[in-house]
Amino acid sequence: MKPSHNSARIGMIGAMSVFGSIGLFVRMIPLPSAEIALYRAILALLLLETVLIYRRMHPQSNRTTGEALPYRRRLGHPLLWLSGAAIGFNWILLFEAYRYTTVSTATLAYYFSPVLVTVLSPILFHEQIGVCRIACFLLSTAGVVLMTGAVSVSADDLCGIALGLGAACLYAAVVLINKGMSNRVPGDPVADDPISRTVVQFLAAAIVLLPYVLLTSGIQITVLDSIGWAALLCIGFLHTGATYAVYFASLRGISGQEAALLSYIDPLIAVILSVFILGEDISAMQGVGGVLILGASVINTCASASSDSNG
């Protein structure tokens, strides 16, 4: 059962707001990016499996059939596994981008992904692009460019930008695969249940990340102090387990273009936190960019709500 348009929009806004704070937490964890990504997947799996176990023990709370399936039948469609693998490597590249450059610069590179989603959605899903949505998309894109325009082109910055662009391509693939899942596998109990679906994706992410970590940096979790542990648990349970479930559920109730536009809330939150928490400088140009992003999201939301009520 798909969420209503309004509830999906609210869920997407909330998810993007939480995602926007992840750079701050990653900076607190003195572990290699791949290892953080691995623990992120494992912790999220623990949380979501607990939810599924609870729902199996309390059938009256079930709203879909996915969580009642035997585990061997909850392995899902191969597209889910492909999406999960993309998620895992997306995390690695994004976290590495945070290491090499500032949060704002990494955000600029990473948020090339909404451009890809907006361009490809009409081709893949035959969605219509209205004039208002095009205008909001252009405003949002201009806002990201302005907000993160003060880039010192050092070798580390270039490396961070390249890593961010790689993460952007993987993120766009995740969005498009999940958006197209309902059309490709209609009626599939796993694809129709956001939590079962997310469990499969995170399981796939953990499976591809574990050998990668063992063959590269190895396990170094023993170096974490209390702050590092708190940040890691927050990333795993809140930023990943809870928020991704909301995010994937919301994708099923809104168009690919609207999801791309609302995703600009993520960099807005990221830059605000980088200024007030991490102490990164922000120029007047970047401030104007933030206003453009927020304004475009608000205009898009209001236009969509007006279209729904008239339709």
With a 3.5 Å cut-off and sequence neighbours excluded, list the donor-acceptor pairs that the side chains of residues 269-277 form with protein atoms.
from : atom 1 : to   : atom 2 : distance (Å)
S274 : OG     : V271 : O      : 2.7
S274 : OG     : E280 : OE1    : 3.3

Donor-acceptor pairs under 3.5 Å, side chain of residues 211-224 to any protein atom, not counting sequence neighbours: which ones?
from : atom 1 : to   : atom 2 : distance (Å)
T216 : OG1    : Y212 : O      : 2.6
T216 : OG1    : V213 : O      : 3.4
Q220 : NE2    : S217 : O      : 3.1

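Shortest non-hydrogen contact noted between I254 and A8 is CG2-CB, 3.8 Å. The two residues A37 and G88 have their closest heavy-atom pair at CB-O, 4.3 Å. The shortest non-hydrogen separation linking V174 to A86 is CG2-CB, 3.8 Å. Shown here for I36 and R99, the closest heavy-atom pair between the two residues is CD1-NH2, 3.0 Å. Closest non-hydrogen pair, H239 versus V18, comes out as CD2-O, 3.2 Å. In plain terms, the two heavy atoms of C234 and F25 that are nearest each other are SG-CE2, 3.6 Å.
Using a 4.5 Å heavy-atom threshold, the side chains of I29 and Y39 count as separate. Looking at L210 and I42, their side chains never come closer than 4.5 Å, going by heavy atoms from C-beta outward.
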Worked check of side chain to side chain contact (heavy atoms under 4.5 Å, CB included) between E96 and L93:
CA-CA 5 Å; E96 279 295 294; L93 295 183; 5.7 Å; no
Under the side chain to side chain contact (heavy atoms under 4.5 Å, CB included) criterion, do L47 and L43 qualify, and how do the steps go?
CA-CA 6 Å; L47 175 64; L43 290 171; over 6 Å; no
For L94 and V26, run side chain to side chain contact (heavy atoms under 4.5 Å, CB included): C-alpha distance rounded to whole Å, both residues' side-chain angles, the deciding distance at 0.1 Å, then the answer.
CA-CA 10 Å; L94 178 60; V26 170; over 6 Å; no
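A distance of 12.0 Å separates CD1 of I177 from CG of L251, quoted to the nearest 0.5 Å. We find the CG-CD1 distance between L262 and I10 to be 11.0 Å, quoted to the nearest 0.5 Å. Distance OG/S33 to CG/L38: 12.5 Å, rounded to 0.5 Å. Between E35 atom CD and F95 atom CZ the span is 12.5 Å, to the nearest 0.5 Å. Of the inter-residue distances, the one linking M16 atom CE with L268 atom CG reads 13.0 Å to the nearest 0.5 angstrom. Interatomic distance, CZ of R40 versus CD1 of I22, reported as 3.5 Å (0.5 Å rounding).
The number of heavy atoms from other shown groups lying within 6.0 Å of OH (Y100) does not exceed 12.
One N or O on the side chain of T243 and one on the backbone of L238 form a donor-acceptor pair closer than 3.5 Å. The backbone N or O of L79 sits nowhere less than 3.5 Å from a side-chain atom of S83 that would complete a donor-acceptor pair. The closest donor-acceptor contact from the side chain of T240 to the backbone of I235 lies under 3.5 Å.
No chain of hydrophobic side-chain contacts below 4.5 Å, direct or via other Ile, Leu, Val, Met, Phe, Trp or Tyr residues, connects V246 to Y171. Residues I161 and L163 fall within the same hydrophobic cluster, defined by Ile, Leu, Val, Met, Phe, Trp and Tyr side chains chained together at heavy-atom separations under 4.5 Å.
Ring geometry for Y244 against Y247 counts as perpendicular: the plane angle is over 60°, on a 0 to 90° scale with 30° as the lower cut. In this pair, W91 and F202 present their aromatic rings tilted. The plane angle is within the 30 to 60° band.
Among residues at least two apart or in separate chains, there is no salt bridge (charged side-chain N to carboxylate O under 4.0 Å, His left out) pair with a member in residues 214-242.
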